[in-house]
There are 2 protein chains.
Amino acid sequence: MPRLAGQIDLSKSEAILDAAVLVLAERGVAAPMEEIARRARVSKQTIYNHYGSKAELVRALCERRMVEFAAPLEAAGAAGHPAQALTDIARILLSPLLTPQYLTLLRTAMASAAVMPEVAAALYEAGPRASRRRLADFLGAETAAGRLACPDPLEAAEFFAGMVVSSRQTAYLLGLPLALTEPQVNAIAAEAAHRFLRAYAP
Amino acid sequence: MPRLAGQIDLSKSEAILDAAVLVLAERGVAAPMEEIARRARVSKQTIYNHYGSKAELVRALCERRMVEFAAPLEAAGAAGHPAQALTDIARILLSPLLTPQYLTLLRTAMASAAVMPEVAAALYEAGPRASRRRLADFLGAETAAGRLACPDPLEAAEFFAGMVVSSRQTAYLLGLPLALTEPQVNAIAAEAAHRFLRAYAP
DNA sequence: CATTAGTTGGACCCACCGGTCCAGTCAGGC
DNA sequence: GCCTGACTGGACCGGTGGGTCCAACTAATG
């Protein structure tokens with residue numbers, strides 16, 4: 001655990017965020033700082049050294065961690081056949097729902113939205129909104145290439161993302177057990193892509 | 001203000017729920033009971049007379065109020081042409097998002113999900129899930145009549161509901177201003193219905 | 001080796017909030 | 001006119017949790 005001179009221990013910063021996700025998942029926004037500290041094997045004071053306040057910790061958590069979930073989509077969509085590309089994209093859109101961390105992030109941001117609107121807005125921008133935009137770009141390109149006919153790519157992107165994610169996400173946020181296996185994900189992705197292609201065939 | 005003998009004042013029960021929605025909207029789950037009481041023009045003790053505890057108040061709020069949002073869908077779908085029927089349904093699915101109360105209900109349930117799973121589950125059952133099931137019935141009937149081809153009506157229903165509601169709901173829950181005008185709602189509803197019909201044409 | 005700075009654990013302060021209690025009031029039922 | 005029972009307002013209690021403080025420790029730097 002190297003510690004650079006005159007600087008805070010960055011590995012502890014990460015450990016704190018990790019612990020925060022865990023504790024927030026269990027106890028919601030009311031999660032006490034003391035337990036986060038305990039879980040991160042760090043003193044409470046250290047948390048305040050790193051983040052200054054609970055609000056700031058939550059802000060950092062949402063901003064830094066959400067980006068990771070949006071990243072995989074950047075690479076996707078290059079595959080030749082639109083059906084395959086859309087299936088891949090659908091799988092990627094669905095994958096965050098398989099990790100409890102994503103759930104915690106969303107819940108935390110939603111719960112804090114009334115008090116700290118900027119955090120929730122930033123998280124939306126970095127996560128769902130970025131995904132939609134990326135998807136819209138893809139749909140626009142396919143339309144230009146004559147393989148699809150999306151007059152309004154952004155709307156089409158929201159439709160597709162909605163098909164794939166929507167009801168499952170709502171249920172998940174409401175605490176229902178989301179028993180989603182790998183084959184199920186694949187089936188949903190393929191079916192959504194299939195239906196979407198029919199809806200927007202040239 | 002009629003008050004039946006030997007009974008609590010039911011109009012106050014309602015006033016408390018109304019006030020609770022307001023305060024929860026502003027302050028989230030951390031909203032203090034005292035402010036709910038003040039807003040309802042009722043003493044704190046009265047709230048405890050009516051609901052026993054804060055958790056119980058939240059439970060009552062979610063259960064009683066969510067039903068109202070799911071109700072309008074029961075009537076819909078009778079119209080002849082599927083395109084018209086689907087447009088109507090889409091409008092109804094979208095309409096709760098126009099009221100801040102629905103937002104508050106969802107947020108509160110999601111925030112309490114970690115602590116009181118039954119409440120969130122009940123709310124999901126009474127709201128979104130009931131809508132999906134109702135929609136699936138409609139799609140199944142249309143399929144039987146040969147006007148649609150939905151091999152899996154429940155999945156198709158989730159797809160359609162997702163298209164209409166999804167991304168907007170997520171943004172809304174994250175506190176983004178949802179500037180949705182009546183004509184916009186109509187446009188989205190019509191477009192979603194149109195695309196869905198293409199996707200599931202016989 | 002002395003300095004500096006982050007870390008630790010634990011005591012501590014204080015505000016807030018859920019929930020209770022109580023004395024007094026007010027409306028119906030008898 | 002008296003009893004019953006809900007309602008009021010406000011005091012009150014106790015737990016909890018954000019945030020601070022401090023003395024002792026430790027690891028890089030020079």
Side-chain angles (χ1 to χ4, degrees), chain A residues 1-62 104 107-108 111-112 114-116 119, chain B residues 1-62 108 111-112 114-116 119:
Chain A
M1 297 288 165
R3 197 172 92 210
L4 283 65
Q7 292 205 348
I8 58 179
D9 186 339
L10 291 180
S11 76
K12 285 196 201 295
S13 298
E14 288 303 303
I16 292 168
L17 291 189
D18 288 340
V21 174
L22 289 181
V23 181
L24 285 171
E26 289 172 9
R27 319 236 331 215
V29 257
M33 294 291 268
E34 197 179 338
E35 189 166 336
I36 297 178
R38 203 180 316 136
R39 206 72 78 87
R41 300 179 170 286
V42 145
S43 86
K44 200 162 62 152
Q45 182 64 42
T46 299
I47 297 187
Y48 283 93
N49 284 348
H50 285 236
Y51 296 102
S53 73
K54 187 176 185 180
E56 208 54 46
L57 172 62
V58 168
R59 180 198 315 277
L61 181 65
C62 289
T104 304
R107 265 198 203 155
T108 306
S112 330
V115 180
M116 326 173 27
V119 176
Chain B
M1 297 282 172
R3 198 171 92 209
L4 283 65
Q7 292 207 347
I8 59 179
D9 186 339
L10 291 180
S11 75
K12 283 195 201 297
S13 298
E14 288 303 303
I16 292 169
L17 291 188
D18 289 340
V21 174
L22 289 180
V23 179
L24 285 171
E26 288 172 11
R27 319 235 335 215
V29 259
M33 294 292 268
E34 196 179 339
E35 189 166 335
I36 297 178
R38 202 181 317 136
R39 207 71 78 86
R41 300 179 172 285
V42 146
S43 86
K44 203 163 56 152
Q45 182 61 46
T46 299
I47 297 187
Y48 284 93
N49 282 348
H50 284 236
Y51 295 103
S53 74
K54 187 176 184 179
E56 209 53 47
L57 171 63
V58 168
R59 180 198 314 276
L61 182 65
C62 289
T108 305
S112 328
V115 180
M116 325 171 29
V119 176

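Lettering of chains follows the sequences in order, A, B, ..., and the numbering in each one begins at 1.
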Contact between B:L17 and B:L57 at the side-chain level, heavy atoms closer than 4.5 Å - yes or no?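 Yes; the side chains approach each other to less than 4.5 Å.
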Establish, with yes or no, whether the OP1 or OP2 oxygen of C:dC17 is under 4.0 angstrom from a side-chain nitrogen or oxygen of B:R27.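 It does, given that an N or O in the side chain of B:R27 lies less than 4.0 Å from OP1 or OP2 of C:dC17.
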In whole Å, what is the span from the NZ atom of A:K12 to the P atom of C:dA5?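 Distance check: A:K12 NZ to C:dA5 P gives 19 Å.
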Would you say that A:S112 contacts A:V119 through its side chain, given a criterion of any heavy-atom pair below 4.5 Å between the two side chains?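 Of all side-chain heavy-atom pairs linking A:V119 with A:S112, none is under 4.5 Å.
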Rounded to the nearest angstrom, tell me the gap between atom NZ in A:K54 and atom P in C:dA15.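 Interatomic distance, NZ of A:K54 to P of C:dA15: 19 Å.
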Side chain to side chain, B:N49 and B:Q45, heavy atoms closer than 4.5 Å: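 In short, these two side chains touch, coming nearer than 4.5 Å.
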Within 6.0 angstrom of A:R41 CZ, more than 12 heavy atoms from elsewhere: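 No, not enclosed.
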For DNA chain D, find the residues of residues 32-46 of chain A with a heavy-atom distance under 4.0 Å and give them by number; none if there aren't any.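 Going residue by residue through residues 32-46 of chain A, the ones with a heavy atom under 4.0 Å of DNA chain D turn out to be A:P32, A:M33, A:K44, A:Q45.
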Please report the distance, rounded to the nearest Å, between OH in A:Y51 and C1' in D:dT20.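 After rounding, the reported distance stands at 20 Å.
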May I ask you to verify if any side-chain N or O of A:H50 is less than 4.0 angstrom from the OP1 or OP2 atom of C:dT7?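 It does, given that an N or O in the side chain of A:H50 lies less than 4.0 Å from OP1 or OP2 of C:dT7.
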How long is the line joining OH of A:Y48 and P of D:dG17, in whole Å?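 Result: 12 Å.
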May I have the distance from A:L57 (atom CG) to D:dG17 (atom C1'), rounded to whole angstrom?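 The distance from CG of A:L57 to C1' of D:dG17 comes to 15 Å, rounded to the nearest Å.
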Under the side chain to side chain donor-acceptor pair (under 3.5 Å) rule, collect the residues that match up with B:R27, sequence neighbours excluded.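 Result, side chain to side chain donor-acceptor pair (under 3.5 Å) vs B:R27: B:E35.
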Taking side chain as C-beta onward, heavy atoms only, is A:L61 less than 4.5 Å from A:T104?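 No, every pair of side-chain atoms sits at 4.5 Å or beyond.
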B:A31 near the nucleic acid: base, sugar-phosphate alone, or nothing, with a heavy-atom cut-off under 4.0 Å?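 Counting heavy atoms under 4.0 Å across all strands, the contact made by B:A31 is with sugar-phosphate only.
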Using whole Å, what does the distance between atom P of nucleotide C:dC22 and atom CG of B:N49 come to?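 Distance check: B:N49 CG to C:dC22 P gives 15 Å.
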